[in-house]
Protein chains: 2
Amino acid sequence: MGRTSDARNKILVAAARLLEQRGYSALGVAEICATAGVPKGSFYYFFESKQALALAVIDEHWVNQRRQWVELLSSDHDPLRRLRDLFEATEEVQRTGQREAGRVVGCLFGNLALELSNQTEEIRSRLEEIFEAQIDLIEQAVVEAKERGQAGPSVDAREVARSLVAQIEGRALLAKLLNDPGQLELLWHNSLDLLQVPPQQRAAIDQDGD
Amino acid sequence: MGRTSDARNKILVAAARLLEQRGYSALGVAEICATAGVPKGSFYYFFESKQALALAVIDEHWVNQRRQWVELLSSDHDPLRRLRDLFEATEEVQRTGQREAGRVVGCLFGNLALELSNQTEEIRSRLEEIFEAQIDLIEQAVVEAKERGQAGPSVDAREVARSLVAQIEGRALLAKLLNDPGQLELLWHNSLDLLQVPPQQRAAIDQDGD
């Protein structure tokens, strides 16, 4: 990697960390450059504006998160187990974030959605695409769970997927507020209820892979 | 009301609106005073700092919201119906906010929790108290619902109350992101699942008071 792309990468890494910890409005370009250890001139060589940088951070974060979600949700485990893997990974991401940053950082997309939805249309619309893509990925697992009788027959797969994403975001909010990744522990239990999983299926999945 | 307290009130009203629309970090005291139509000197007569003002806005918002929650959750309807009333009122608050502000403003407490939890301990701890108080209020209704056989016997009232608050926050986030208060419509349906409400109770409550 050459010096040039190295500087771009340093800016992205510093901005991702600062955005997660402090949000968008509280950050200035000068602080991002100081944290990244690059001159301010480099910043405007790579990014037109703070907003353009934020979009690049969002896109990179989603590339990585999407890869993990797709991997977990397309494994050869049965669909309920795949969802459990996803929720456990989500909790683990917050535990890792807490170890690295000293505090739970929450969900970057949720943080920016609440901060910027009424201020920056370009960021808002990008976040909308990401949340809809998350709902799509979960919906596929719910459809499969229904086909196998692992979810209630009257469950609307799309709506449950949306409810699960909402539950993830709400619990990530509590985890950040309380600096406690354990707030995400019950996601799996909530999902069994929201998916109307029949009792015998609950028993089977709880015995599987513990 | 004298001129002095009138100025304080104008600052509080302007700050509440601006905080809901734009968050904390993006706001300056000068802008708050300009919006309120009061001189900057007045601001520091009433509030030590922007943080002190934000705490006053939070407290006033909670006094009003708490009054509504207590009223709805202590009515003489049965407990499930009271919860439904609460969710419908929550959706209506967002619809009203959208009409007044042009966009869904979301939950002030959730917005500030994600923006400030890792920055301002005094605000964070106040928000923690408020969310715990919300969970307390919902928990009481869940306990009653269990006693009447309206919720599943194995449901942990405290944990379900926490899940319901998380679901409210997650759906308020989607409502703000999509500028669509309708994202809160399924809160009631989600709650029936999270509360493990037996089918015959669901039928009864759906016929009640429509």
Side-chain angles (χ1 to χ4, degrees), chain A residues 20-27 101-107 109-119 124-125 127-128 130-132 135 152 155-156 159-160 162-179 183-187 189-196, chain B residues 20-27 101-107 109-119 124-125 127-128 130-132 135 152 155-156 159-160 162-179 183-187 189-196:
Chain A
E20 282 192 326
Q21 288 173 9
R22 314 228 328 259
Y24 181 84
S25 302
L27 282 190
R103 290 195 57 89
V104 168
V105 292
C107 166
F109 306 135
N111 296 345
L112 294 177
L114 287 194
E115 188 182 354
L116 299 177
S117 285
N118 293 348
Q119 296 184 67
R124 190 209 65 74
S125 64
L127 293 170
E128 178 178 346
I130 291 170
F131 277 109
E132 293 298 333
I135 294 167
V155 150
D156 178 318
E159 283 306 335
V160 169
R162 185 173 294 276
S163 302
L164 292 176
V165 167
Q167 192 68 26
I168 292 172
E169 288 303 314
R171 287 195 166 269
L173 185 151
L174 292 174
K176 183 169 181 177
L177 177 70
L178 304 172
N179 191 27
Q183 295 293 317
L184 293 154
E185 265 172 23
L186 283 188
L187 268 177
H189 193 81
N190 294 148
S191 305
L192 294 175
D193 289 335
L194 291 168
L195 289 161
Q196 301 179 359
Chain B
E20 282 193 324
Q21 288 174 8
R22 312 226 333 257
Y24 181 84
S25 301
L27 282 190
R103 289 196 57 88
V104 168
V105 292
C107 167
F109 305 135
N111 296 345
L112 295 177
L114 287 194
E115 187 182 355
L116 299 177
S117 284
N118 293 348
Q119 296 184 66
R124 189 209 66 73
S125 64
L127 293 171
E128 177 178 346
I130 290 170
F131 278 109
E132 294 298 333
I135 294 167
V155 150
D156 179 318
E159 284 305 337
V160 169
R162 185 173 294 275
S163 302
L164 292 177
V165 167
Q167 190 68 25
I168 292 173
E169 288 303 314
R171 287 195 166 268
L173 186 151
L174 292 175
K176 183 170 182 177
L177 177 69
L178 305 173
N179 191 28
Q183 295 293 316
L184 294 154
E185 266 173 23
L186 284 188
L187 268 176
H189 194 80
N190 295 147
S191 305
L192 294 175
D193 290 335
L194 291 168
L195 289 161
Q196 301 180 358

Interface residue of largest heavy-atom contact number with chain A, from [options], under 4.5 Å:
options	value
B:A172, B:S117, B:A26, B:S25	B:S117
B:R124, B:E159, B:E115, B:H189	B:R124
B:A101, B:S163, B:G23, B:A113	B:S163

So what's closer than 4.5 Å to chain B heavy atoms on [X]: side chain, backbone, both or neither?
X	value
A:Q21	backbone
A:V104	backbone
A:L127	both
A:E132	side chain
A:Q183	side chain
A:L177	both

Side chain, backbone, both or neither: which part of B:Q167 has a non-hydrogen atom closer than 4.5 Å to chain A?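 For B:Q167, backbone and side chain are both near chain A.
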Chain A contact via B:L194 - which portion, at a heavy-atom distance below 4.5 Å: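 Looking at B:L194, backbone and side chain both touch chain A.
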Are any non-hydrogen side-chain atoms of [X] and [Y] less than 4.5 angstrom apart?
X	Y	value
A:K176	B:N118	yes
B:E169	A:E169	no
A:L178	B:F131	no

I need the residue from A:L187, A:V165, A:L186, A:L173 with the largest number of non-hydrogen atom pairs under 4.5 Å to chain B.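 Option with the top pair count is A:L173.
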For the atom pair CG (A:D193) and CG (B:L192), what is the distance rounded to the nearest 0.5 Å?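 Going from CG on A:D193 over to CG on B:L192, the span is 11.5 Å.
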